**Q** 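Structure in structure tokens, see below.
Everything numeric in this text was worked out from a predicted model, so none of it was measured. Here is the naming used below: chain letters follow the sequence lines, and residue numbers restart at 1 for every chain.
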Amino acid sequence: MRYAITLLALAACFVLGFSWRDLRQGKLPDRQTLAAIVGKPATAVSIAPKEVFKSAYDNILRNYQGAVDEKRLRFAGMRGLVAALGDPHTMFFDPMQAKDFAIETEGNFVGIGARLGPDPLGAVAVIVFDNGPGARAGLRKGDVITAVDGVSVAGKATEDIVKVIRGKEATMVRLKIIRSGAKQPVTVAARRARVVLPTVETDLVPGTKIGYMSVSGFTERTTEQFDAGLDKLQKLQAIGLIIDLRNNGGGLLTTARDMLSRFVEDKLVVKLKRGDTVIDEERTLTGYKRDFRYPVVVLVNGQSASASEIFAGVMSDYKLATLVGEHTYGKMSVQNVYMLVDGSSAKVTIARYYIPSGREIGRKVDDDGIYLSGGLPPDVLVKYRELDSKNASKSIVPSDSQVQKSVEIIQARTGEGRGAG
Amino acid sequence: MNETKKHLFTAASVVLCCAATIGGLAWRNKTDVGAANLVVAAEANYEGLLASTGRYVPDESYYTNLVKLLKERYVESVADETKLALGSVKEMVLSLSDVKSQYMDADEFKAYNAEMNGRYEGIGALLVLDVRNAQGKQVRPKAREGQTTPDPGADPNKIPVVRVAAVTPGGPAERAGVRPGDWVESVDGRYVLSPKLWQEFERARDIALRPDVSSDKKFQIREKLQAKAESMIMPMRAIRKLAVGQEGTVRVLFNRNGTGIPVEINKGVSMLPAWTIIADGTAVLRFQPGVSERLRDFLVGKAKVRLDLRQSGLGSMAEMKKCLALLAPRGTYGAFINKRTKKSAPMVIAAGNERPPMIELLVDVTTRGPAEVFALALSSKPGAALVTGGKTAGESDRIEAFPLPEGHGYTLAMGVYQPAIKVAK
């Protein structure tokens, strides 16, 4: 009898030791774990997801015959993991991509102060920012950059050329330039400086008193640039306003809210929902409203997204502007960026936004990623068409069918150009 | 005395109980399932992953913590972790940028395994990815480089092209006039990037930059190409549309030597048989599981055999080795070399045929994979076989398939076959 009790006690102690870990966490060991006592291997009916990743990772590193790098492979794995959620706006950035992305939203970087476009001989300076290092060193709009620091850049992708031109503050960069009219290539030596990307550019539409503002992003600096633009137009006594949000992929929600506050006070901008729960609301601020007594047109196209859609949608919902152009992208979500310990970051959709009218504008695509539906529809649909114009290179105002229609709409309302009425 | 015994016994029991408890702990450590859970529990929130902590996070926990971050922050509930894990594998395989290493979802993997056994869904054709340069010439990338770029258009010298490597006899594709060597321009109006399309884009770009061309003309060209560019699909997508599914119709624009061939094909099921004997006694041999038995019977009493290895389709290296052992004496027949790890896996026939018949092999550019290795192996030993026809495909990699949960899977190119002696032909 004594032996039986002892054996029982021994068994109990063994089980106690085995389960100690789980008991400390306040739970009983699960079935799988208990199976291990008997010696059954802990192979579950399904493989643990982490094992799926790990064994493929190990297999590739061990056996693949081509070029493969451990770090890059892990980054790819994390990228795929996040992408599997199926949300095009939730993504994993490796350290290099994380840095590039931060620059984009920050709105400034260290470079020469020019916006470059593709050119078969290198890159063409589409815009040269006033007072930037490039302008001061003699770079002009239309110049074609063919070499950077003695290295030819012909045939390279524009974004790669931009990367070599950007660099450490106060360092020099030498650009070989081809300029129409100049017989020999010109060398421009610029000292890199912190450049604040102007996201707002303002002027009057040539031949009219209608103001035109192109807003190319919603960064931390955009609101102040927007206000400066409105001041400039006020001085010029503009009688109408075109806000061009075409190809503006969005940015900070707070910037859009601040800009809307110039048009309307203390009204709902968006409701933010996580699932079905309203987690937050943005309202326009009080005290920033300007006195607009003229018609406003907001230009949008298929690449206008996120903060652009919020701005345009709210202006439209409150009947503060006419939307002209083509339907917008259809991104109705808010992301948070989480910086990770190794320099990577994860941009995660944390909520979906709903504009005041509550309209569903989420983008839907088919299996191949081709657009099916979604986006804000314009009030006046105009397909994009470039128009030949003599003023094309001198003014920031583009010469196209959508701008032309906007001018017509404003003129019809104000009677401008048809004599006093 | 009894008292002492009793005390001793009690003492011993206590000691044994402690030992048992420790034993239980130790056993748990050894077998643990639970250890992983404990690691997770210790980093129960994802905060350890965030930059603010600055702590080193080992790879194991990185995955776990990233998943936790998503579970706690993503706008919708993240229930299906297996889907996330499969996504990670897919992107890892894609990052290899290798036409020979592919990730397949359940339908694609099922179709792949069926093709291994000679059974073809879809249009009844083996479709492979070729790497071409912008002029259309096949490119064989160096060992250090990735084999193609994931972003079509990013490198005009490495454009993946979808090519027909075999058609099932009497199958939908063959009946529609499709032949090996044809390549795919578009499927149901969706264009696949090809050297031809690349050149179109280049020409348009050149015209767009010329100041002497009117903006109307530029707009026209742009519109035409815009439609094509917006509807472009990746090569694997095109393959999926053609090789997966047994019902429905597809409109395909094939290209043969510069001529566009539009066809409409009803999908179905057809076979690429492992073994066929044609009128003149030639055996058409494909290395599908079990074919070595047919070969063995065929060889009985024959002094001379002629084997047709064209349109070889997919095959099994293991089955090919069995067939090789029936036709060649024991020995080492080259090796599979992994150019990156420098590991070499020799192909050894332990028990072969010491008195093989005279062998003639019929090959051409559709002879690939195990069939190509077979031909190379036999032709590397002088006198072992007469090889006629043409040059083989140049695709003698050892490609293995690895299954994943939910019926998915991926292939991995693990080495290239090097015959023992280079054959001057």
**Q** Tell me, side chain or backbone of V348(A) under 4.5 Å from chain B's heavy atoms, or both, or neither?
**A**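 The side chain, not the backbone.
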
**Q** Select one option (side chain, backbone, both, neither) describing which atoms of S77(B) are under 4.5 Å from chain A's heavy atoms.
**A**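 No part of S77(B) comes within 4.5 Å of chain A.
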
**Q** If every non-hydrogen atom of E91(B) is compared with every non-hydrogen atom of G80(A), which pair is closest and at what distance?
**A**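 So the minimum-distance heavy-atom pair works out to CB-CA, 3.3 Å.
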
**Q** Quick one: what part of K383(A) sits under 4.5 Å from any heavy atom of chain B, side chain, backbone, both or neither?
**A**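 K383(A) touches chain B through side-chain heavy atoms alone.
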
**Q** Using a cut-off of under 4.5 Å on heavy-atom pairs, state which of V67(B), D80(B), V78(B), V416(B) scores highest against chain A.
**A**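 The candidate making the most pairs under 4.5 Å is V416(B).
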
**Q** Is chain A contacted by the side chain of K83(B), its backbone, both, or neither, given a heavy-atom distance below 4.5 Å?
**A**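 Both backbone and side chain of K83(B) come within 4.5 Å of chain A.
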
**Q** Please give me the minimum heavy-atom distance between V89(B) and F53(A), naming the atom from each residue.
**A**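 Closest approach of V89(B) to F53(A): CG2-CA, 4.4 Å.
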
**Q** Using non-hydrogen atoms and a 4.5 Å limit, figure out which bit of L69(B) sits close to chain A: side chain, backbone, both or neither.
**A**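 Interface part for L69(B): side chain.
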
**Q** Give me the atom names and distance for the closest heavy-atom approach of G77(A) to S88(B).
**A**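 Scanning both residues completely, I find the closest heavy atoms to be O-CB, 3.0 Å.
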
**Q** With sequence neighbours excluded, what pairs up with D94(A) under the side-chain hydrogen bond (donor to acceptor under 3.5 Å, both in side chains) test?
**A**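 Listed in chain order: nothing, the list is empty.
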
**Q** Under the criterion side chain to side chain donor-acceptor pair (under 3.5 Å), which of D98(B), D397(B), T341(B) is the partner of Q65(A)?
**A**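 Among the candidates, only D397(B) passes.
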
**Q** Answer with side chain, backbone, both or neither: which region of T82(B) has an atom nearer than 4.5 Å to a non-hydrogen atom of chain A?
**A**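 Answer is both: backbone and side chain atoms of T82(B) are under 4.5 Å from chain A.
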
**Q** So which atom in I60(A) and which in R340(B) form the shortest heavy-atom distance, rounded to 0.1 Å?
**A**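 Minimum heavy-atom separation between I60(A) and R340(B): O-NH2, 3.4 Å.
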
**Q** Using non-hydrogen atoms only, which part of L70(B) is less than 4.5 Å away from chain A: side chain, backbone, both, or neither?
**A**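 Side chain of L70(B) only, per the 4.5 Å heavy-atom cut-off to chain A.
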
**Q** For the residue pair T90(A) and Y74(B), what are the closest heavy atoms and their distance?
**A**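 Distance-wise, the nearest heavy atoms are OG1-CE1, 3.4 Å.
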
**Q** Taking R79(A) for the side chain and M92(B) for the main chain, is one N or O donor matched with an acceptor at less than 3.5 Å?
**A**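 Such a contact is absent between R79(A) side chain and M92(B) backbone.
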
**Q** Check whether F336(B) gets within reach of chain A through its side chain, its backbone, both or neither, counting any heavy atom under 4.5 Å.
**A**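 For F336(B), no heavy atom lies under 4.5 Å from chain A.
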
**Q** Between V334(A), T349(A), V124(A), which shows the greatest number of heavy-atom pairs under 4.5 Å with chain B?
**A**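 When all of V334(A), T349(A), V124(A) are compared, T349(A) has the most.
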
**Q** Indicate the atoms forming the closest heavy-atom contact of G87(B) with A84(A), along with that distance.
**A**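 Here G87(B) and A84(A) meet closest at CA-CB, 4.0 Å.
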
**Q** For K331(A), does the NZ atom have more than 12 heavy-atom neighbours from other residues, nucleotides or ligands under 6.0 Å away?
**A**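 More than 12 heavy atoms, drawn from other residues, nucleotides or ligands, come within 6.0 Å of this atom.
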
**Q** Distance-only check: which donor-acceptor pairs under 3.5 Å involve side-chain atoms of residues 337-347 of chain A, not counting sequence neighbours?
**A**
from	atom 1	to	atom 2	distance (Å)
D342(A)	OD1	S344(A)	N	3.1
D342(A)	OD1	S344(A)	OG	2.9
D342(A)	OD1	Y62(B)	OH	3.0
D342(A)	OD2	R74(A)	NH1	3.3
D342(A)	OD2	S344(A)	OG	3.3
D342(A)	OD2	Y62(B)	OH	3.2
K347(A)	NZ	H89(A)	O	3.2

